[in-house]
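For reference, the structure is listed below as structure tokens.
One-based numbering along the sequence shown. Just so you know, these numbers come straight off a predicted model, no measurement behind them. Computation of the quantities below employed the complete heavy-atom set of this structure, encompassing side-chain atoms and omitting hydrogens, waters and symmetry-equivalent molecules.
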Amino acid sequence: MNSAARRSPLKAVLFDLDGTLVDTAEEFVGVVQALRAEHGMDAMDPQRIRASVSNGARALVALGLGIEESAPEFEGKRLRLLELYGEVLGSAARPYPGLLDLLAALAERGIAWGVSTNKPRAYAEPLLQRIDLPPCPSLVCPDDVRERKPHPESLYRNCRDLGCAPHEAIYVGDHLRDIEAGRRAGMFTIAAAYGYIEPHDDPHSWGADALVEHSTDLAALLLDC
């Protein structure tokens, strides 16, 4: 990718959180296994849990306990999963390889960065504070907007925070909704194929402007802008 392909100077790089900027899967694997154990269920394949992390707490409850969201007991199970997650939040999560160096390189070039996530602020903010990342200049959570991704509202708010236009930003995400949000906002989009991808899903089909298989490939792609 080069600046000619984007047609605008790069002023900001925005990231999804879980599965893109930070690997939080080990925490969720442990939480889902603990929830299953509380219900007398054996441990399940950790890879099935990892692949579903970006789908959120509801999807993890449905997957882990095999119940529908319409079940009367579902909300109680969801709250219990979040309670278990709060106990381990930030304990095993780590920035993906190469991301700390990338953020430093962006700072050296005067390029801002931010996070747009569907993770509630009550979990996203302490997570970012507890792991080895510089302070996030713009964190936008579903609490902050009327419409969640794939609506572009959160990305517009990032841009206001960072003082740039949407076409001067890039959005990186590991889910179709991230790419849809970025495209609807008028941003260049990058699919993070190293993230939490369901077995039946294909990041190449999302319509992103670019795709990276490994987090360490992001720097070469972004810094060539």
*Do the side chain of H39 and the main chain of M41 share a donor and acceptor less than 3.5 angstrom apart?*
no

*Check whether any side-chain heavy atom of S91 sits under 4.5 Å from a side-chain heavy atom of L89, and report yes or no.*
no

*asked:* Using the rule that Ile, Leu, Val, Met, Phe, Trp and Tyr join whenever any side-chain heavy atoms are under 4.5 Å apart, tell me whether V22 and V172 fall into a single cluster.
replied: yes

*Do the side chains of L176 and L63 join up, straight or via other hydrophobic residues, at under 4.5 Å, putting them in one cluster?*
no

*Y171 side chain to P166 main-chain N or O, any donor-acceptor pair under 3.5 Å?*
no

*Is V31 close to E27 at the side-chain level, that is, under 4.5 Å between some pair of heavy atoms?*
no

_Distance-minimising heavy-atom pair for A219 and L102_ = CA-CD1, 3.8 Å

*asked:* I need the single residue from L103, T117, I190 that forms a side-chain contact (heavy atoms from CB on, under 4.5 Å) with F15. Which is it?
replied: L103

*So do the side chains of I67 and K77 get within less than 4.5 Å of each other, counting heavy atoms only?*
yes

*For the residue pair A93 and L127, what are the closest heavy atoms and their distance?*
CB-CD1, 3.7 Å

*Between T189 and D209, is there a donor-acceptor pair closer than 3.5 Å when you use the side chain of the first and the backbone of the second?*
yes

*Shortest non-hydrogen contact from D23 to A25?*
OD1-N, 3.2 Å

*Between CD1 on residue I111 and SG on residue C164, distance to nearest 0.5 Å*: 11.0 Å

*What closest approach, in Å, do R184 and Y156 show between heavy atoms, and which atom pair accounts for it?*
O-OH, 3.4 Å

*Does V140 reach the side chain of V145, with side-chain heavy atoms less than 4.5 Å apart?*
yes

*Calculate, to the nearest 0.5 Å, the distance between atoms CG and CZ belonging to L222 and R109 respectively.*
10.5 Å

*asked:* Using salt bridge (charged side-chain N to carboxylate O under 4.0 Å, His left out), reason through R80 and E38 one step at a time and then give a plain yes or no.
replied: CA-CA 10 Å; R80 178 55 180 157; E38 289 183 354; 2.5 Å; yes

_I'd like to know if the side chain of E153 reaches the main chain of R146, judged simply by a donor and an acceptor atom lying under 3.5 Å from each other, with no hydrogens or angles considered._
yes

*asked:* Can you tell me how far apart NZ (K119) and CG (D16) are? Round to the nearest 0.5 Å.
replied: 9.5 Å

*Derivation and outcome, side chain to side chain contact (heavy atoms under 4.5 Å, CB included), residues Y194 and L218*: CA-CA 11 Å; Y194 57 83; L218 270 173; 3.5 Å; yes

Please report, to 0.1 Å, the donor-acceptor pairs under 3.5 Å made by any side chain of residues 49-59, with sequence neighbours excluded.
from : atom 1 : to   : atom 2 : distance (Å)
R50  : NH1    : E26  : OE2    : 3.0
S52  : OG     : N55  : ND2    : 3.4
S52  : OG     : E198 : OE2    : 3.4
S54  : OG     : D18  : O      : 3.4
S54  : OG     : D174 : OD1    : 3.2
S54  : OG     : D174 : OD2    : 2.6
N55  : OD1    : H175 : NE2    : 3.1
N55  : ND2    : E198 : OE2    : 2.7

*Inter-residue atom distance L223.CG - L106.CG, 0.5 Å rounding*: 6.0 Å

*Is it true that R183 and E180 make a salt bridge, defined as a side-chain N closer than 4.0 Å to a carboxylate O?*
no

*asked:* I'd like to check L10 versus F188 (side-chain heavy atoms, cut-off strictly below 4.5 Å). Are they in contact?
replied: no

*For the side chain of Q33 and the backbone of G30, is there at least one donor-acceptor N/O pair under 3.5 Å apart?*
no

*Output yes when a side-chain donor or acceptor of K149 lies under 3.5 Å from a complementary backbone atom of S116, and no otherwise.*
yes

*Taking everything shown except R121 itself, do over 12 heavy atoms lie less than 6.0 Å from its CZ?*
yes

_Rounded distance (nearest 0.5 Å) linking atom CZ of F74 with atom CG of L79_ = 10.0 Å

*Any chain of hydrophobic side-chain contacts (each under 4.5 Å) joining L21 to I170?*
yes

_Working note: W113 + C136, criterion side chain to side chain contact (heavy atoms under 4.5 Å, CB included); need CA distance, chi angles, decisive distance, verdict._
CA-CA 7 Å; W113 70 280; C136 180; 3.7 Å; yes

*Would one find more than 12 heavy atoms of other residues, nucleotides or ligands at under 6.0 Å from atom CD of E68?*
no

*asked:* Assigning hydrophobic clusters by single linkage (Ile, Leu, Val, Met, Phe, Trp, Tyr; side-chain heavy-atom cutoff under 4.5 Å), is L128 placed with L14?
replied: no

*Closest heavy-atom contact between D144 and R157?*
O-NH1, 2.8 Å

*So, D42 and R36, do they make that salt bridge, N to O below 4.0 Å?*
no

*Cluster check V29, I197: I/L/V/M/F/W/Y, side chain < 4.5 angstrom*: no

*Under 30°, 30 to 60°, or over 60°: which ring-plane class applies to Y196 and Y96, parallel, tilted or perpendicular?*
tilted

*Output the distance between atom CG (L17) and atom SG (C141), rounded to the nearest 0.5 Å.*
8.0 Å

*Taking it one step at a time, do W206 and D178 satisfy side-chain hydrogen bond (donor to acceptor under 3.5 Å, both in side chains)?*
CA-CA 9 Å; W206 297 347; D178 297 321; over 6 Å; no

*How far apart are the closest heavy atoms of V212 and L221, and which atoms are they?*
CG1-CD2, 3.7 Å

